[in-house]
Amino acid sequence: MNFEFTKEQLLIKKMVKAFADSKVAPLADGIDEQCNIPRELLAELKKLKIFGIPYDKKYGGAGGSYFEMVLMIEELSKVSAGLGFFMAVHYLGATAINLFGTEEQKKKFLPRLCSGEAIGSFGFTEADTGSDPKAVTCNAKLVDDGYILNGQKRFTTNGSEPGVLVTFAKTETGVSAFAFDKFQEGYSVSKPWEKMGNRGAETVDVYFNDVKLPSDSLLGQEGKGFGILLRGIAIGKLNMSAISLGLGEASLEEAIKYAKQRIVRGKPIATLPTTQALIANALVLNESSRWMLYRATEMASKGLGDIDYESAVTKLYIAKAIKDSIDYSLQVHGCYGYVRDFKVERMYRDIRLMEVIEGASEVQRVIVASNALK
Ligand SMILES: Cc1cc2nc3c(=O)[nH]c(=O)nc-3n(C[C@H](O)[C@H](O)[C@H](O)COP(=O)(O)OP(=O)(O)OC[C@H]3O[C@@H](n4cnc5c(N)ncnc54)[C@H](O)[C@@H]3O)c2cc1C
């Protein structure tokens with residue numbers, strides 16, 4: 001076991017932190033208020049070459065590992081979880097193609113995804129299904145030269161960004177996965193949902209109206225889409241946990257700063273044992289979350305263990321632990337933690353998503369318990 005970052009990991013952490021502090025921090029409140037990533041910021045972000053960290057250099061990637069990807073999401077999310085979420089969902093689509101695409105599909109999609117010219121998205125959820133593949137109603141009909149796609153997807157983050165969508169639809173043999181360019185004929189989106197947090201990345205419904213997909217849009221084998229969904233989301237849960245960790249760390253920093261400045265009865269509240277206890281509680285939850293995430297990510301990077309289980313147990317723990325950690329940090333702020341002028345208020349809203357997205361915590365418990373009981 002090695003508890004030190006590699007040279008590459010330190011480099012990416014430092015580079016993304018410097019970018020987040022100088023370029024993202026001044027815009028973070030605006031990203032949250034307007035629920036939009038400014039295009040100028042996106043252009044700057046592309047220059048960092050962080051859109052394809054774990055993919056092979058021959059497809060335009062950085063040839064790194066999931067570990068560097070997770071560190072990047074953590075650093076961005078310390079400053080703006082909206083931006084971290086945007087990147088995490090980009091990786092959800094891109095990773096499905098990297099893991100399951102043919103050589104031709106990787107050459108077709110990955111270079112554009114790695115440069116950030118194309119933004120990735122991943123559409124599984126529908127109005128009547130968040131986790132049950134049997135309930136999928138989107139339909140891809142086999143025709144001579146490909147498939148005709150019809151139906152609607154709910155809550156597709158980045159579905160309104162130009163780029164590539166990985167989606168799931170019923171075919172004759174079961175649910176299949178498809179990868180294709182968004183905004184071709186028959187593709188349209190709703191207006192963005194008004195979200196509680198992680199505002200910045202737009203989340204929309206997507207409509208498919210006779211979208212013509214060439215045969216090479218099929219990802220993996222026909223009827224085997226559920227396996228692609230599960231593995232894609234397993235990596236996705238590491239990124240969701242990285243957003244949580246970034247939020248936990250940033251909120252604790254805010255709490256410590258506040259505790260040293262806020263004077264009550266002539267003394268900073270940092271001198272009160274009760275405030276110190278709140279800070280210690282938050283810190284323990286952050287530290288336990290950090291090592292759980294880093295361990296699972298290292299295993300995923302090295303292909304060790306059962307990633308479906310490891311990412312489920314990690315997300316299950318971290319989503320709740322960091323929700324509690326941010327709650328402690330908010331408590332340190334007293335009523336000021338409840339108003340928009342203080343960053344911890346935004347973080348409290350951002351973290352709530354993590355217990356419901358990519359499978360609610362109850363679904364993670366089912367995965368964890370069935371692993372324990374098998
Ligand atoms: C901001 C945001 C962004 C999103 N982005 C995307 C995206 O990019 N792509 C995408 O495909 N989806 C996306 N989603 C959808 C999200 O992943 C699903 O909503 C999520 O998986 C939960 O599905 P559901 O809401 O339909 O919950 P349901 O399946 O309706 O579940 C409701 C509740 O029932 C319980 N429950 C459900 N199933 C079980 C079970 N098996 N065992 C025990 N209890 C259970 C849980 O308590 C759960 O909270 C997004 C959602 C949001 C809010």
Side-chain angles (χ1 to χ4, degrees), residues 31-32 35-37 73 77 80-97 119-138 151-161 163-169 175 177-179 182 189-208 219 225-226 228-237 239-241 243-244 247 308 311-312 315-316 319-320 323 346 349-371 373:
I31 290 174
D32 178 58
C35 196
N36 193 271
I37 313 286
I73 301 271
S77 304
S80 166
L83 185 57
F85 188 52
F86 173 90
M87 291 301 284
V89 178
H90 163 77
Y91 271 107
L92 198 51
T95 298
I97 294 171
I119 301 301
S121 10
F122 191 89
F124 177 79
T125 306
E126 297 185 3
D128 291 324
T129 179
S131 51
D132 179 8
K134 291 200 185 97
V136 164
T137 59
C138 278
Q152 289 187 18
K153 289 290 171 189
R154 166 85 10 119
F155 294 146
T156 309
T157 303
N158 296 347
S160 51
E161 294 284 345
V164 179
L165 174 72
V166 169
T167 198
F168 299 83
V175 172
F178 295 91
K182 293 175 258 187
V189 299
S190 68
K191 70 178 180 40
W193 286 87
E194 269 297 331
K195 299 185 288 190
M196 177 198 277
N198 292 276
R199 293 165 57 81
E202 283 188 355
T203 300
V204 295
D205 288 353
V206 170
Y207 310 115
F208 307 125
L219 202 54
F226 195 51
I228 298 177
L229 170 76
L230 289 184
R231 185 50 49 89
I233 282 194
I235 302 299
K237 286 176 200 169
N239 279 339
M240 291 304 147
S241 302
I243 296 172
S244 303
L247 282 167
D308 299 336
S311 65
K315 176 175 172 282
L316 174 62
K320 170 77 166 74
K323 188 178 80 172
R346 162 158 52 85
R349 287 186 282 111
D350 288 335
I351 194 64
R352 192 61 185 85
L353 179 67
M354 300 308 162
E355 285 189 314
V356 288
I357 196 164
E358 291 188 1
S361 289
E362 290 71 28
V363 175
Q364 308 310 322
R365 276 191 193 93
V366 173
I367 300 173
V368 169
S370 32
N371 190 285
L373 294 166

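Only this structure's heavy atoms are used, side chains among them; waters, hydrogens and symmetry mates stay out. One is the number of the first residue; the rest follow in order along the sequence. Each ligand, and each atom within it, is numbered from 1 in the order the structure gives.
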Donor-acceptor contact present, side-chain [X] to main-chain [Y], <3.5 Å:
{"X": "Thr167", "Y": "Gly123", "result": "yes"}
{"X": "Asp32", "Y": "Gly82", "result": "no"}
{"X": "Ser80", "Y": "Ser77", "result": "no"}
{"X": "Glu126", "Y": "Cys138", "result": "yes"}
{"X": "Arg154", "Y": "Thr125", "result": "no"}
{"X": "Asn36", "Y": "Gly200", "result": "no"}
{"X": "Lys182", "Y": "Glu161", "result": "yes"}
{"X": "Lys153", "Y": "Phe168", "result": "yes"}

Are the side chains of [Y] and [X] in contact, using a 4.5 Å heavy-atom criterion?
{"X": "Leu353", "Y": "Phe85", "value": "yes"}
{"X": "Ser121", "Y": "Thr157", "value": "no"}
{"X": "Ile243", "Y": "Asn239", "value": "no"}
{"X": "Arg365", "Y": "Val368", "value": "no"}

Is there a nitrogen or oxygen of Glu362 sitting under 3.5 Å from a nitrogen or oxygen of ligand 1?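 Looking only at distances, the answer is yes, because the N/O contact criterion of under 3.5 Å is met.
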Of all the atoms in ligand 1, which lie at a distance below 4.0 Å from a heavy atom belonging to [X]?
{"X": "Phe122", "value": "7 (C), 8 (O), 9 (N), 10 (C), 11 (O)"}
{"X": "Phe124", "value": "10 (C), 11 (O)"}
{"X": "Thr203", "value": "1 (C), 3 (C)"}

Quick one: does ligand 1 sit under 4.0 Å from the side chain of [X], the backbone, both or neither, non-hydrogen atoms only?
{"X": "Thr125", "answer": "both"}
{"X": "Leu353", "answer": "side chain"}
{"X": "Phe85", "answer": "side chain"}
{"X": "Lys195", "answer": "side chain"}
{"X": "Trp193", "answer": "neither"}
{"X": "Thr157", "answer": "both"}

With a 4.0 Å cut-off, strictly under, does [atom] pick up any protein heavy atom?
{"atom": "atom 44 (N) of ligand 1", "answer": "yes"}
{"atom": "atom 49 (O) of ligand 1", "answer": "yes"}
{"atom": "atom 34 (O) of ligand 1", "answer": "no"}
{"atom": "atom 25 (O) of ligand 1", "answer": "no"}
{"atom": "atom 38 (N) of ligand 1", "answer": "yes"}

Where is the nearest protein heavy atom to [atom]: which residue, which atom, and how far?
{"atom": "atom 22 (C) of ligand 1", "result": "Val356 O, 3.6 Å"}
{"atom": "atom 6 (C) of ligand 1", "result": "Phe155 O, 2.6 Å"}
{"atom": "atom 41 (N) of ligand 1", "result": "Val363 CG2, 4.0 Å"}
{"atom": "atom 29 (O) of ligand 1", "result": "Ser131 OG, 3.9 Å"}
{"atom": "atom 27 (O) of ligand 1", "result": "Gly130 CA, 4.8 Å"}
{"atom": "atom 42 (N) of ligand 1", "result": "Val366 CG2, 3.8 Å"}

Could you check Glu358 against Lys315 for salt bridge (charged side-chain N to carboxylate O under 4.0 Å, His left out), going step by step and ending with a plain yes or no? CA-CA 10 Å; Glu358 291 188 1; Lys315 176 175 172 282; over 6 Å; no
Who's closest to atom 17 (O) of ligand 1 heavy-atom-wise, of Glu358, Gln364, Met240, Lys153?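 Considering heavy atoms of Glu358, Gln364, Met240, Lys153, the nearest to atom 17 (O) of ligand 1 sits in Glu358.
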Please say whether more than 12 non-hydrogen atoms of neighbouring residues, nucleotides or ligands are located less than 6.0 Å from CG in Asp128.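 Counting neighbours around CG of Asp128, 12 or fewer heavy atoms of other residues, nucleotides or ligands fall under 6.0 Å, so no.
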Residue-ligand contact Ser121/ligand 1, heavy atom below 4.0 Å: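 No.
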